[in-house]
Number of protein chains: 2
Amino acid sequence: MSVLIVGSTALDSIKTPQAENPRLLGGSASHAAVAASFFGPVKMVGVVGDDFPKKYVALYKKHRIDLTGLQVQDGKTFHWAGEYEVNMNNRRTLLTELGVFEKFTPHLPAAYKQSPFVLLANIAPALQHHVLEQMTRPKFVVADTMDLWLNIALEDLLRLLKRLDGFVLNDSEAHQLTQEDNIFAAMKKLHHLGPKYVIIKKGSHGSILSGPNGHFICPAYPLPKVVDPTGAGDSFVGGLMGYLSTARGGVDANIRRAMIYGTVVASFCCEGFGLNRTTRVKRVDIDKRVAELERLTRF
Amino acid sequence: MSVLIVGSTALDSIKTPQAENPRLLGGSASHAAVAASFFGPVKMVGVVGDDFPKKYVALYKKHRIDLTGLQVQDGKTFHWAGEYEVNMNNRRTLLTELGVFEKFTPHLPAAYKQSPFVLLANIAPALQHHVLEQMTRPKFVVADTMDLWLNIALEDLLRLLKRLDGFVLNDSEAHQLTQEDNIFAAMKKLHHLGPKYVIIKKGSHGSILSGPNGHFICPAYPLPKVVDPTGAGDSFVGGLMGYLSTARGGVDANIRRAMIYGTVVASFCCEGFGLNRTTRVKRVDIDKRVAELERLTRF
């Protein structure tokens, strides 16, 4: 089955203590779509300007991502610039030029509307709603978010939570949303807001699932060096949904393994700037790290 | 086989946002010895003053801890008072009265000197050295430490590292000691300082082993509420060494499971003030949580 992914498509200029990389392919939809593409067919919805490099369109196509839903508009592509501190944990935004993204309204091509798996990657909750309104009974809907929407679009987000099967957020967002420091207490409160599956991302500490079959403690893949963590969260949820959309059996039977696959794609994402490393990965490399994670957690 | 545990024996007055608990049984040796006692025979070395409550001696004895090495001296028992902030992550020391602990020199009774497993729980590195000097070819020596010794006794600690099989420390101490933010890079540097086994504790994020058979990613046991984390690290390493000292087969075959057992004892420690919860636990409760951790991490 295919997965529909809606989110931002952007150019990211990323500065770290080691290097500067201008105008890389970025955005939540780009990272998530490439991550999902390792597992099965992906339909993407997004918007770019007329300055969007042809090589990035070619990169999407190399990953067999369906671009029928990618709007190309007069104007500039969303451009984000950010800087990481030495420890790669703190990120500072240097510049945000919304360009054509400012007035983006996701339109679903007819062939997209019956996608069984829907990933509402990080984007304004109002747009995430707008996508769901165009869908015909999706099987499994997951949304990601970011602190910005908790601050400026909380009501939209809370309404969205009631329409989701799964909700993915990081630990500080979970704390902000629930006022709970304890991650397990926070997940309990998040279930009360709607979603049956709650996944909290903890960066290098892995992630935790709370679902109908209880919790799953998902490790991070051990990386001795992080080059650029931008897009790791999007890669995680993209890989997760890509795997789920093609796995045999129901969500409950596959979601743990799906998180592991998402974790592994996210680990590759961190090993290069933007999508540089991820787009060089083969499925066999992913499977190798999944097997490694099995060995690393067995006792 | 038995495990020898040397460390501090103290009275802890612990304040949290919820409650105040004066003069609980505390200290690294107390927590570690009780934790190890669930698995096999424990020999403890420490010092208390003549004010040390009889009920705490009875508590050690209930856990069949060999107290031949517990010195009772004229004067006051080491008394520590501390306060936790709302999120239980930040601890503030309110008072430290060293009492008889100030001039403590660990003396090993003859029957202790051939203990195959030695845990040098958190205590000044010079005293940890002094213990090793009295030992006859121990099989497996592990030390714990704290930031204080990194600040005031770094040379002693670095010399100690060369005499250890295993070294246990938390993530911020590992960072301080190696100047590495990345935990896997830090473990590599720590191996170069001596120990074959390095375990980094990450609190509610679990712990990581680096050893001859590679890494083990050890989860924390999920706790929806932490009452008092004091002694959790000591309980972890105590449970680990207790399990190892009685498991059949070599260290490599058992160390992962030993970490899991340590993790579970530490989880009980966090559920009560001081040793209140730990001392009410039965081995069957521990085994139940170990089985639960297997289910929580399987994929």
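Order of the sequence lines sets the chain letters (A, B, ...), proteins ahead of strands, with each chain counted from 1. Please read all numbers here as calculations on a predicted model, not as lab measurements.
- Interface remark: B/R295 contributes backbone atoms only to the contact with chain A (heavy atom separation under 4.5 Å).
- For a residue to count as touching a neighbouring chain, one of its non-hydrogen atoms must lie under 4.5 Å from one of that chain's; by this rule A/E180 does not touch chain B.
- Between chain A and the residues B/G206, B/A220, B/A185, B/P224, the most heavy-atom pairs under 4.5 angstrom are made by B/P224.
- The minimum heavy-atom distance linking A/R298 with B/R256 is given by the pair O-NH1, 2.6 Å.
- Contact count versus chain B (heavy atoms, under 4.5 Å) is highest, among A/M259, A/M187, A/E294, for A/E294.
- Heavy-atom distances place the side chain of A/I260, and not its backbone, under 4.5 Å from chain B.
- Of the listed residues B/L223, B/L293, B/V226, B/N213, the one with more heavy-atom pairs under 4.5 angstrom with chain A than any other is B/L223.
- Proximity to chain B is limited to the backbone of A/K225, based on heavy atoms less than 4.5 angstrom apart.
- Among residues two or more places apart in sequence or in another chain, the side-chain contact (heavy atoms from CB on, under 4.5 Å) test is passed with A/H175 by A/D181.
- Of the options A/T297, A/I217, A/I255, a side chain to side chain contact (heavy atoms under 4.5 Å, CB included) to B/F299 is made by A/T297 and by none of the others.
- Within residues 285-292 of chain B, the residues having any heavy atom under 4.5 Å from a heavy atom of chain A are, by residue number, B/V290.
- Minimum heavy-atom separation, B/H215 to A/L296: O-CD2, 3.2 Å.
- In this structure, chain B has no heavy atom under 4.5 Å from any part of A/L209.
- Atom CZ of B/R92 sits in a sparse spot, with 12 or fewer heavy atoms from other residues, nucleotides or ligands closer than 6.0 Å.
- Counting non-hydrogen atoms of other residues, nucleotides and ligands closer than 6.0 Å to NZ of A/K202 gives a total above 12.
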